[in-house]
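Reading through the structure tokens given below for one structure.
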Amino acid sequence: MAHVVQPLDQPSNYKDSQSRLERSKQQDLLSKSTTLYIGNLSFYTTEEQIYELFTKCASPEDGGGIKRIIMGLDRNTRTPCGFCFVEYYTHAEALASMKYVSGTKLDERIIRCDLDLGYKEGRQFGRGKSGGQVRDEHRQDYDPGRGGWGAQAQVDRRREVEERYADAQDGPGAVASGGGEWKEVETRGTLKRGRSPEDDGDNTRLANRSRIDDPEAERM
């Protein structure tokens, strides 16, 4: 039955698209690698939480332990974007983490671990067009642990809101932006509303009323 169960300490078939190494050379490096790639992290998971979890597979009594942790960052905002690298001192510790940590929950998310060829400067940044990971570019679901909607979905929703707002501005219920009858008329240093035909009609009615109320004025 041993051949039926997939070993948990074997690297996946993932191949770094930016690596120019042949598959055989990659396999050789992975067989000695002390570095793990950790994926599906929450954007809010801290380095301290990662250290606490992965140190459980460290063996300092054998000269091992965690050498360093490199948090994955959004290329534009420099904020965590859901992955990291954990570098041990020994290959055995990396294999132990793949066996016992990969597939477990951290911050209510099932994380995955995979052997990595080794960290190089620049790999801490997301490769997506928006600055984060490629997997979050076209994600259509809402994932609160990974920034809500996917990057493209956020753009589409923002465009939809802007179009809806523009339609509301031009629709039958839109509020007029004019007030064209109001004119700035400077009179002795003050501003008042310009006269309109309606104003003239109101003044005529007031004059007629005053004559009716004052008989003497009518006779004169």
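Remark: side-chain polar atoms of Arg135 are not paired, donor with acceptor, to backbone N or O of Gly128 under 3.5 angstrom. Between the side chain of Thr55 and the main chain of Ala58, no donor-acceptor pair closer than 3.5 Å is present. A distance-only check finds no donor-acceptor pair linking the side chain of His138 to the backbone of Gly150 [under 3.5 Å]. Within the 3.5 Å criterion, the main-chain N or O of Cys113 finds a donor-acceptor partner in the side chain of Ser102. Between the side chain of Arg146 and the backbone N or O of Leu41 there is at least one donor-acceptor pair closer than 3.5 Å. No donor-acceptor pair under 3.5 Å is formed between the side chain of Tyr51 and the backbone N or O of Ile66. A donor-acceptor contact shorter than 3.5 Å is absent between the side chain of Gln26 and the backbone of Leu117.
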task: Determine, step by step, whether Phe54 and Ile69 satisfy the side chain to side chain contact (heavy atoms under 4.5 Å, CB included) criterion, reporting the C-alpha distance in whole Å, the side-chain angles of both residues, the deciding distance to 0.1 Å, and the verdict.
output: CA-CA 10 Å; Phe54 284 87; Ile69 296 174; 6.0 Å; no
field: side chain to side chain contact (heavy atoms under 4.5 Å, CB included) evaluation trace for Val101 with Cys57
entry: CA-CA 8 Å; Val101 178; Cys57 293; 3.7 Å; yes
- prompt: Does the side chain to side chain contact (heavy atoms under 4.5 Å, CB included) test come out yes or no for Asp116 and Leu36, once each step is laid out?
  reply: CA-CA 5 Å; Asp116 189 79; Leu36 289 174; over 6 Å; no
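Note that the NZ atom of Lys67 and the OH atom of Tyr88 stand 14.5 Å from one another [nearest 0.5 Å]. To the nearest 0.5 Å, the span separating NZ on Lys129 from CG on Asn76 amounts to 13.5 Å. Residue Lys56 holds its NZ atom at 11.5 Å from OG of Ser97, rounded to the nearest 0.5 Å. Atom OG1 in Thr35 sits 9.0 Å away from atom CG in Leu115 (nearest 0.5 Å).
More than 12 heavy atoms of other shown residues, nucleotides or ligands fall within 6.0 angstrom of atom CD in Gln27.
Counting only N and O atoms by type, the side chains of Asn40 and Arg109 include a donor and acceptor under 3.5 Å apart. Side-chain contact check for Thr34 and Glu93: no donor-acceptor pair (N or O, by modelled atom type) lies under 3.5 Å.
Taken together through direct or relayed side-chain contacts under 4.5 Å among Ile, Leu, Val, Met, Phe, Trp and Tyr, Tyr44 and Leu106 form parts of separate hydrophobic clusters. Hydrophobic clustering of Ile, Leu, Val, Met, Phe, Trp and Tyr side chains at less than 4.5 Å, counting indirect connections, keeps Leu53 apart from Tyr89. In the hydrophobic clustering of ILVMFWY residues, with side-chain heavy atoms under 4.5 Å counting as a link, Ile111 and Tyr100 come out apart. Phe43 and Ile50 end up in different hydrophobic clusters when Ile, Leu, Val, Met, Phe, Trp and Tyr side chains are linked at under 4.5 Å. Clustering ILVMFWY residues whenever any of their side-chain heavy atoms sit less than 4.5 angstrom apart, transitively, puts Met98 in the very cluster that holds Leu29.
What you find for Gly118 and Arg123 is that their closest heavy atoms are O-NH1, 3.0 Å. Considering every non-hydrogen atom in both Lys120 and Gln124, the closest pair reads O-OE1, 4.5 Å. Considering every non-hydrogen atom in both Glu87 and Arg68, the closest pair reads OE1-NE, 2.8 Å. Here the shortest heavy-atom pairing between Ala94 and Ser33 reads CB-O, 4.1 Å.
Through side-chain heavy atoms spaced under 4.5 Å, either directly or across other Ile, Leu, Val, Met, Phe, Trp or Tyr residues, Phe83 is tied to Tyr37, Ile70, Phe85, Tyr119.
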